[in-house]
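In each ligand, atom 1 is the first atom listed, and ligand 1 is the first ligand listed.
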Amino acid sequence: MKIILTGSTGYVGSKVLEQCLLHHEVSSIIALSRRDLNIADPKLRVIIVHDFAQYSPEVLSEIDGADACIYCLGTNVPVRPPELNRTINFDYAIGTAKIFAAAFMENKSRGKFNFVYLSGALPEKDQNKTLWFLADNRRMRGQLENALLQLGQETKNSGFEVYIARPGFVQPEGAVLLNWIVGKLSNAIMLHHLAACLLQLAIDGHSDPIAENNILNAMGKLVIDGQGTSG
Ligand SMILES: NC(=O)c1ccc[n+]([C@@H]2O[C@H](COP(=O)([O-])OP(=O)(O)OC[C@H]3O[C@@H](n4cnc5c(N)ncnc54)[C@H](OP(=O)(O)O)[C@@H]3O)[C@@H](O)[C@H]2O)c1
């Protein structure tokens, strides 16, 4: 299958890329990035994109025939000013999803497309809920989840499906004791488990469009153990 990946230079996205390159079901990865990855692999093609809210016909023709997108672009902390934060963490994601949905609908012969968005545990979908920290950013990212879910509802019957992964703290591999303590104390997931989940959602989808951290943990462990992938 052909997978589109954004955020492939980042902490989570680079692990997803690593697993995509190793996965036998993934024949082609199109990384949309604002800078080169400096990775030479016959499965990988890097396309430089500067505005993730619009795509040129040339870029759309490169991604034609893709089966899924794993969207890992985003910032962990709000960027300033707020308008730029919204551009990166809202407009880019919903813009990409809508453009890919429209491109998919034009060519329904493809059958199915899974759009997997990497969110987090903190975004708040209830826009009226009182929040005590990072309120504006969490509401904005919750608003994004609502918009993505609505798009998924509208396109589901056509084969374009939207999935949202909501991991908690993403723990690095290594540092075994620290990871064990953090894992016991907080809503956390290991990086290679999360990457395996995102890939699994892209390949097979899921019964629920939202995958919370506990579901991701279970799915990640199953996929890694089942396939013997060490990530
Ligand atoms: N890390 C965690 O513990 C965690 C937990 C839950 C949710 N998340 C969410 O997961 C997403 C990715 O997190 P991460 O830890 O992988 O972040 P990261 O390491 O900072 O990577 C961010 C990725 O997004 C790209 N990006 C950022 N700003 C961009 C812009 N203006 N234009 C184009 N590309 C841009 C970066 O590209 P460049 O390399 O070119 O900058 C990079 O590929 C975020 O939305 C974050 O909120 C992360």
Side-chain angles (χ1 to χ4, degrees), residues 3-20 29-39 44 46-55 59 69-97 99 115-125 133-134 136-145 147-148 163-175 178-179 182-183 185-199 201-202 210-217 220 231:
I3 290 188
I4 306 163
L5 178 62
T6 70
S8 51
T9 54
Y11 175 58
V12 179
S14 60
K15 180 54 76 175
V16 174
L17 174 60
E18 196 183 301
Q19 293 194 3
C20 282
I29 304 131
I30 306 291
L32 304 178
S33 171
R34 60 177 168 176
R35 60 191 172 95
D36 201 359
L37 273 59
N38 296 314
I39 299 172
L44 175 66
V46 180
I47 297 178
I48 302 298
V49 173
H50 295 291
D51 181 350
F52 288 78
Q54 47 191 322
Y55 293 89
V59 173
C69 172
I70 306 177
Y71 190 100
C72 300
L73 190 162
T75 66
N76 282 297
V77 288
V79 173
R80 298 198 72 78
E83 295 75 22
L84 180 61
N85 191 46
R86 189 173 177 91
T87 298
I88 297 169
N89 289 305
F90 186 95
D91 297 340
Y92 282 179
I94 192 67
T96 298
I99 291 166
F115 186 91
V116 182
Y117 173 70
L118 170 60
S119 186
L122 292 177
E124 179 52 62
K125 289 196 284 301
F133 64 100
L134 294 173
D136 288 347
N137 192 56
R138 290 171 61 197
R139 277 197 200 100
M140 182 200 72
R141 294 193 64 154
Q143 200 189 350
L144 170 64
E145 289 191 357
L148 287 168
Y163 296 96
I164 298 176
R166 290 174 45 94
F169 177 68
V170 184
Q171 297 172 263
E173 291 154 84
L178 178 67
N179 281 336
V182 173
L185 295 178
S186 67
N187 198 23
I189 185 166
M190 297 295 289
L191 175 60
H192 63 303
H193 285 158
L194 174 59
C197 280
L198 295 170
L199 183 48
L201 288 170
I210 294 190
E212 298 286 356
N213 193 70
N214 60 332
I215 301 292
L216 294 169
N217 254 322

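- Taking 4.0 Å as the cut-off between side-chain N and carboxylate O, R86 and E83 do not count as a salt-bridged pair.
- For atom 45 (O) of ligand 1, the nearest non-hydrogen atom from the set R141, R34, R35, H50 comes from R141.
- By the 4.5 Å heavy-atom criterion applied to side chains, L17 and L37 are counted as neighbours.
- Under the 4.0 angstrom criterion for non-hydrogen atoms, S119 is in contact with ligand 1.
- Within a 6.0 Å sphere centred on CG of N214, other residues, nucleotides and ligands contribute more than 12 heavy atoms.
- Given atom 19 (O) of ligand 1, the protein heavy atom at minimum distance is Y11 N, 2.8 Å.
- A salt bridge links E212 with R166: the distance from a Lys NZ or Arg NE/NH1/NH2 to an Asp or Glu carboxylate oxygen falls below 4.0 Å.
- Summary of contacts: the protein heavy atom closest to atom 21 (O) of ligand 1 is G10 CA, 3.2 Å.
- Residue contacts with ligand 1 for V12 involve both N, CA, C or O and side-chain atoms from C-beta outward (heavy atoms, distance under 4.0 Å).
- No part of S33 comes within 4.0 Å of ligand 1, judged by heavy-atom distances.
- The protein heavy-atom contact nearest to atom 43 (O) of ligand 1 is T9 OG1, 2.6 Å.
- When the heavy atoms of A121, A165, P172, G74 are ranked by distance to atom 44 (C) of ligand 1, first place goes to G74.
- The protein heavy-atom contact nearest to atom 12 (C) of ligand 1 is C72 O, 3.4 Å.
- Taking each heavy atom of A121 and G168 in turn, the nearest pair found is CB-CA, 3.9 Å.
- In terms of protein heavy-atom proximity, atom 11 (C) of ligand 1 is closest to L118 CD2, 3.7 Å.
- Looking at ligand 1, you'll find an N or O of V170 within less than 3.5 Å of one of its N or O atoms.
- In this structure, the protein non-hydrogen atom closest to atom 5 (C) of ligand 1 is G168 O, 3.3 Å.
- Residue-to-ligand polar distances place G7 within reach of ligand 1: an N/O pair is separated by less than 3.5 Å.
- For atom 34 (N) of ligand 1, the nearest non-hydrogen atom from the set L73, N89, N85, D51 belongs to L73.
- Closest to atom 48 (C) of ligand 1, if we only count protein heavy atoms, is N76 OD1, 3.0 Å.
- The cationic group of R138 lies under 6.0 Å from the six-membered ring centre of F133 and within 45° of the ring axis, placing it in a cation-pi geometry.
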